[in-house]
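Presented below is the structure to which this report refers.
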Amino acid sequence: GSSAERQLMSSSILWASIFGQLSFGYLADVFGRKVMFVTTVMLITIGALLSAFYFDQIGISVYVWVPAFRVVMGIGIGGGNT
């Protein structure tokens with residue numbers, strides 16, 4: 001992959017965690033902390049498993065799917081810090 005693709009894979013989790021931190025505090029006030037904590041754990045688990053077990057079966061580049069899965073995981077990580 002190109003340098004830009006590698007940077008996207010590295011930075012996607014960081015940007016997503018910032019989004020998670022900014023949004024999950026409000027959502028926890030609305031829906032309750034316990035519900036949002038369970039949601040963050042599920043997002044982290046699903047994102048990590050999808051990132052770990054992804055293989056290029058349907059012809060879409062790893063540089064598309066892995067950053068997308070890391071975004072899911074990053075939102076959960078950021079939400080867990082609220």
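Reckoned from all heavy atoms, side chains included, excluding hydrogens, waters and symmetry mates.
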Quiz item: Can you check whether W65 reaches L50 side chain to side chain, under 4.5 Å on heavy atoms?
Solution: no
Examine [X] and [Y] and state if one hydrophobic cluster contains both, with Ile, Leu, Val, Met, Phe, Trp and Tyr joined whenever side-chain heavy atoms are less than 4.5 Å apart.
| X | Y | answer |
| --- | --- | --- |
| V71 | F53 | no |
| V62 | I46 | yes |
| F69 | Y63 | yes |
| F31 | F19 | yes |

Quiz prompt | Distance, nearest 0.5 Å, that separates CE of M36 from CG of L27 | solution = 4.5 Å
Quiz item: With ILVMFWY side chains joined below 4.5 Å, transitively, what does F37's cluster contain besides itself?
Solution: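 V41, all in the cluster of F37.
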Quiz item: V38: which other cluster members, linking ILVMFWY side chains closer than 4.5 Å, directly or transitively?
Solution: M42
Quiz: residues 7-18 side-chain donor-acceptor pairs under 3.5 angstrom, not counting sequence neighbours:
from	atom 1	to	atom 2	distance (Å)
S10	OG	R6	O	3.1
S11	OG	Q7	O	3.0
S12	OG	L8	O	3.3
S12	OG	M9	O	3.4
S17	OG	L14	O	2.9

Exercise. Any pair with a residue in residues 37-51 that passes side chain to side chain donor-acceptor pair (under 3.5 Å), sequence neighbours left out, goes on the list, sorted by first then second residue, please.
Key: none
Practice problem: Return each pair, listed once, that meets side chain to side chain donor-acceptor pair (under 3.5 Å) where at least one residue sits in residues 18-31; pairs must be two or more places apart or across chains. | Solution: D29-R33
Quiz item: For F24 and I75, what are the C-alpha separation, side-chain angles and deciding distance, and is it a side chain to side chain contact (heavy atoms under 4.5 Å, CB included)?
Solution: CA-CA 9 Å; F24 271 66; I75 292 171; 3.5 Å; yes
Quiz item: Got a sec, which pairs hit salt bridge (charged side-chain N to carboxylate O under 4.0 Å, His left out) with one end in residues 62-82, sequence neighbours left out?
Solution: none
